[in-house]
Amino acid sequence: MQRQDCFALTSHLFPRNPCSRFWKSGWVADPRTRCANYLLCDWSFWSTPAVMAKSPEVKLAVFGRAGVGKSALVVRFLTRRFIWEYDPTLESTYRHQATIDDEVVAMEILDTAGQEDMQQKESHMRWGDGFVIVYDITDRGSFDEVGPLRGLLEDVKKPKNVPLVLVGNKADLDHARQVGTEEGERLAAEMACAFYECSACADERGTVAEAFHELCREVRRRKAVQGKTRRRSSTTHVKQAINKMLTKISS
Ligand SMILES: Nc1nc2c(ncn2[C@@H]2O[C@H](COP(=O)(O)OP(=O)(O)OP(=O)(O)O)[C@@H](O)[C@H]2O)c(=O)[nH]1
């Protein structure tokens, strides 16, 4: 990889508060890494006051053991680039807009810290509408943590069966693989969610974006269904009240 292609990104450079103004994209020299840092944002979109004020339609949270590549996947999705050097994430939130199936979707993405405690996990789970659970195909332990994470999600979220995608990252390291593709597929089938094996490092096919887009679709589908159910139940309540009144009047 060429020096100028080496994107280093440190979490402290990013706005942690989703409401804060985003930095303008550009290169900044970082004395610690002696590489250029790329400040991440889509300035053209988010600098518009009307858009800044609009609350994001879809809130996505990325979970997984420390080091599985959560930040790398988020950055790949947002910038189509791979970051080699990084600081372990404390917690970063990004705003992004994408066109999915000819519809503009505004999203907020929370890149969680792999080492957060139970309370933080639960609060992030309550916050999110949809979830990416990531494991590293070269780390069996990270795969074993997927089940408990999903269990916690099911405990925290109501209604259950939350929108979810399972991602097996670092597929470029096939020689060091500890988790088979079929194992990932089987687990995803058990969890009734979509499965993607991909690499934040080598993503020629755009699988990373595909995973995020599919999650957005799933969130929007569920929201649409919930909206219809809510509308239907409120119509039913009105009908029942009218019937009651009519019965009283006629008796
Ligand atoms: N080869 C390879 N390395 C990757 C890939 N994704 C991430 N990495 C590397 O894995 C390491 C951890 O990546 P991060 O994105 O920081 O992992 P994380 O899950 O966000 O880690 P925490 O912030 O500590 O929770 C870094 O050295 C990345 O360069 C990948 O797809 N392939």
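The figures that follow rest on heavy atoms only: side chains count, while hydrogens, waters and symmetry mates do not. Whatever order the structure lists ligands and atoms in, that order sets their numbers, starting from 1. By convention here, the first residue in the shown sequence is residue 1.
- Residues passing the ring pair (Phe, Tyr, Trp, His ring centres under 6.0 Å) test with His124, sequence neighbours excluded: none.
- With respect to the salt-bridge test (charged N to carboxylate O, under 4.0 angstrom), the residues Arg221 and Glu214 qualify.
- Here atom 20 (O) of ligand 1 lies nearest to Ser71 when heavy atoms of Gly67, Ser71, Gly114, Ala171 are compared.
- Counting the atoms of ligand 1 from 1 in the order shown, those under 4.0 Å from a heavy atom of Ser199 are 31 (O).
- The side-chain heavy atoms of Arg186 and Phe195, taken from C-beta on, include no pair separated by under 4.5 Å.
- Checked by distance only, ligand 1 and Cys201 come closer than 3.5 Å through their nitrogen or oxygen atoms.
- For a threshold of 3.5 Å applied to N or O pairs, the pair formed by Gln115 and ligand 1 contains no separation below that value.
- For the ring pair (Phe, Tyr, Trp, His ring centres under 6.0 Å) test, residues two or more places apart in sequence or in another chain that qualify with Phe143 are Tyr135.
- Of all the atoms in ligand 1, the ones that sit under 4.0 Å from a non-hydrogen atom of Lys70 are 15 (O), 17 (O), 18 (P), 19 (O), 20 (O), 21 (O), 22 (P), 25 (O).
- Each of Arg177, Gln178, Arg65 was scored for a side-chain hydrogen bond (donor to acceptor under 3.5 Å, both in side chains) with Asp139, with one residue passing: Arg65.
- Residues His96 and Phe212 keep their aromatic ring centres 6.0 Å or farther apart.
- Close approach of ligand 1 to Ala72 is summarised as follows: ligand atoms under 4.0 Å from at least one heavy atom of the residue are 6 (N), 7 (C), 15 (O).
- Each of the atoms 1 (N) of ligand 1 lies under 4.0 Å from some heavy atom of Leu173.
- Some N or O of Asp172 is nearer than 3.5 Å to an N or O of ligand 1, by distance alone.
- The number of heavy-atom neighbours closer than 6.0 Å to CZ of Arg140, taken from other residues, nucleotides and ligands shown, is above 12.
- By the criterion of a heavy-atom distance under 4.0 Å, the side chain of Asn169, and not its backbone, is placed next to ligand 1.
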